[in-house]
4 protein chains.
Amino acid sequence: MVRGAVSLFKLKGFHRTTTREIAKAAGFSIGTLYEYIRTKEDVLYLVCDSIYEQVRSQLQAMDTEQGTLVSLKLGIDHYFRVMDDLQDEVLVMYQEAKSLSKDALPYVLQKELEMVGMFETLIKRCCENGELALDETRIHLLAQNIFVQGQMWGFRRWALQKKYTLEEYIEIQTDLLFSGINGYLE
Amino acid sequence: MVRGAVSLFKLKGFHRTTTREIAKAAGFSIGTLYEYIRTKEDVLYLVCDSIYEQVRSQLQAMDTEQGTLVSLKLGIDHYFRVMDDLQDEVLVMYQEAKSLSKDALPYVLQKELEMVGMFETLIKRCCENGELALDETRIHLLAQNIFVQGQMWGFRRWALQKKYTLEEYIEIQTDLLFSGINGYLE
Amino acid sequence: MVRGAVSLFKLKGFHRTTTREIAKAAGFSIGTLYEYIRTKEDVLYLVCDSIYEQVRSQLQAMDTEQGTLVSLKLGIDHYFRVMDDLQDEVLVMYQEAKSLSKDALPYVLQKELEMVGMFETLIKRCCENGELALDETRIHLLAQNIFVQGQMWGFRRWALQKKYTLEEYIEIQTDLLFSGINGYLE
Amino acid sequence: MVRGAVSLFKLKGFHRTTTREIAKAAGFSIGTLYEYIRTKEDVLYLVCDSIYEQVRSQLQAMDTEQGTLVSLKLGIDHYFRVMDDLQDEVLVMYQEAKSLSKDALPYVLQKELEMVGMFETLIKRCCENGELALDETRIHLLAQNIFVQGQMWGFRRWALQKKYTLEEYIEIQTDLLFSGINGYLE
DNA sequence: TATGAATGAGTGTTCATTCAT
DNA sequence: GATGAATGAACACTCATTCAT
């Protein structure tokens, strides 16, 4: 059901998608759909939940233990590729999450923070390993930046994917992330 | 009218806001509303247009000519403050722009690119001045990053504004932007 | 004003025509239009009234006095040509008269009866002259038939005007009216 | 549904009848009405279609084979009685058919021509049988006249049904149709 | 006097949700 | 359980009519 709903939301947005369409795409009757959900909004919640699950499961492969700059770069590379793979899903979530009820939204945001937390861990390991010397606040914001830069590839695709291939994007972003502007002083 | 609509869209989103509410918020009757617009979507377009106009007019103050790293930092500082000021508006646009018709969307995206262009110019001036040595592709992506980091402050406020004051955010982001991770090697 | 309204009603019908369109077609502002009428329906009444007036004024030329079969035929010929001339107007009245208020309708129907009355008179003169021997009921129905056959040319134009020219129509109808089926027994 | 709609259209016309009224008259909710139709105009089409079907089914009883003047008279008699029976329906169709879409109208007109065709056949049989000697153009127009005279009984009821009973109308019309004016020369 | 901005009741239509079968 | 016919609240939009200027 979720797969079908994602396609529909991607195509027409949450509000323009009818419950009938969701049921049809899932191969259910409308009556059966309402055995699984109580509200149309539940579908959105399930969709968001499923997307986060996909993202998280794909990110499991990321090595958070080694704590070297190389493994950090590999982690970023991996994450960006996952975001490329799931860009439709991520775009949907970005645009529709606000339609979640006041109850469901914090739950979803919590999951996001968990994912940001993965990058925090990755960076912290580097600090513990003595490869980096960043304070907590810098670590957290850096993690958020990496996280958003991954999503950016999807939600600003209209601007980015015209100019860069995924490989170029990963390479340049990683470079800018590491070198900063100061790395390019004349 | 636009002001009222922004508040409503912020509160309930475009789809959950009725034309009657928009009219009421604007202080006129539903009939009069339709003297000014042809379609509910026109309101969204006017809202987006007005937001961009506000952003752009506030960014006019930015000095794009000097071409020094200091003026670049000042530009970023100014932009982030503008984004803080207009964070509601920017959030609305982020979430609702996808509801624009196929005709209006490119027009809005075009305006975004113009704004990204301002940062590109700012950075290019530094290169021309011999303060930086960045190639075209890096300049463009850097500009996009700065642009998105400004918007981030608004659309991820639930995560960021709990941890950082605006001043802290500006300071740390600027620092990370310039120093990069390499700036923190042990 | 009436001229413009007739064109509009012909094109889109009474209900689909807006008062704004009527005003514009008349060269008035909407405010001024409402100086002349109290209700949209008044326009319809004025239109119907004007159409009957046109028909009647054109029929004045008909010679009702002579009381010969030849003058009867000439009268029919003349009437059919008037109906051809005013077929748009007549069609409009046919289709929209039912939208007249309960007050205005009888007034309009009265005018129709007056016109039927002209043919009654024409036929009666022939009887008085000793050219025909028809009773009252036959005279009245004959007059109605002639009247309707004239309108038919307009309101069934989609069927009739593909098959007959006006001249043919007049000739054959007159012939059938006079000869009847019995005139064609083998 | 069609029955209820006919009553309403008769009473107030198509445009003044709301979909809610149609639904109520049909005994279902507005939502259910829209399970059966896609557009209000569909109701009009269904109404027109159903009326023609009623007329045609009732006319099946007409004997088109015998080809005698007596059977022609019986046919006319039968048709006039059907028109009396369905005069409300016929009146509605006369007044509202113009509101049909450009797609549906020809379909309805086609059905009318089929019915006119029945009278043509009836008359032709008489010719083939050697009872009459009428050319094609006269046959066609005669058929149209009979057809319209049947409808007249309904759409000019305000004038005719005050003066004549149905029996009188049938008798006199048939007589005028057969004898013509010439049958009443002194 | 002539205007046209303003009004808001009313319309066709949609769609989330229920519930008898 | 599974279905889908039925519901009706809610919506975007129109337009006859008014009235301050």
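In the text below, chain A, chain B and the rest are named by the order of the sequence lines, each starting its count at 1.
- At whole-Å resolution of the value, NZ in A:Lys24 and C1' in F:dT3 are 15 Å apart.
- With rounding to whole Å, B:Glu21 atom CD is found 15 Å from F:dC13 atom P.
- The side chain of C:Lys40 lies closest to F:dT17 when the candidates are F:dT17, F:dG4, F:dT3.
- For A:Arg20, counting side-chain heavy atoms from C-beta on, the closest listed nucleotide (E:dT17, F:dG1, F:dA12) is E:dT17.
- For D:Arg157, the CZ atom sits in a packed shell: over 12 heavy atoms of surrounding residues, nucleotides or ligands are nearer than 6.0 Å.
- Taking the ring centre of C:Phe14 as origin, the terminal cationic atom of C:Lys98 falls outside the region bounded by 6.0 Å and 45° from the ring axis.
- Place C:Glu35 and D:Phe14 on DNA chain E by their nearest nucleotides, and C:Glu35 ends up nearer the 5' end.
- Distance, B:Glu41 CD to F:dC11 P: 18 Å, rounded to whole Å.
- Of all nucleotides present, only E:dA6 satisfies the Watson-Crick or G-U wobble test against F:dT17, with each distance under 3.5 Å.
- If you measure from atom CD1 of A:Ile30 to atom P of E:dC19, you get 15 Å, rounded to the nearest angstrom.
- Put simply, NE2 on C:His15 is 11 Å from P on E:dT11, counting in whole angstrom units.
- Here the C1' atom of nucleotide E:dT13 and the CZ atom of D:Arg38 are 12 Å apart, to the nearest Å.
- Mapped onto DNA chain F by nearest heavy atom, A:Ser29 and C:Arg16 fall at different nucleotides, with A:Ser29 at the one closer to the 5' end.
- With D:Tyr52 as the partner, the side-chain hydrogen bond (donor to acceptor under 3.5 Å, both in side chains) test is satisfied by one option alone out of D:Lys111, D:Glu114, D:Glu112, D:Glu89: D:Glu112.
- Of the candidates F:dT18, F:dC13, E:dA16, the closest approach to any side-chain atom of A:Thr19 belongs to E:dA16.
- Within the 4.0 Å cut-off from OP1 or OP2 of E:dT14, not a single side-chain nitrogen or oxygen of D:Tyr34 is found.
- Between B:Glu21 and B:Lys24, no side-chain nitrogen of the basic residue sits less than 4.0 Å from a carboxylate oxygen of the acidic one, so the salt-bridge criterion is not met.
- Across the interface with DNA chain F, nearest-nucleotide mapping of D:Leu33 and B:Thr39 shows D:Leu33 to be the residue nearer the 5′ end.
- Comparing E:dA16, F:dC11, F:dT3 by their closest approach to the side chain of B:Thr18 singles out F:dC11.
- Using a 4.0 Å heavy-atom criterion, one finds that A:Tyr36 contacts no nucleic acid atom at all.
- Here C:Phe28 lies out of heavy-atom contact (under 4.0 Å) with every strand.
- Checking the phosphate oxygens (OP1, OP2) of F:dA5, no side-chain nitrogen or oxygen of D:Thr32 falls inside 4.0 Å.
- Under a 3.5 Å cut-off, the side chain of C:Ser101 and the backbone N or O of C:Asp103 do form a donor-acceptor pair.
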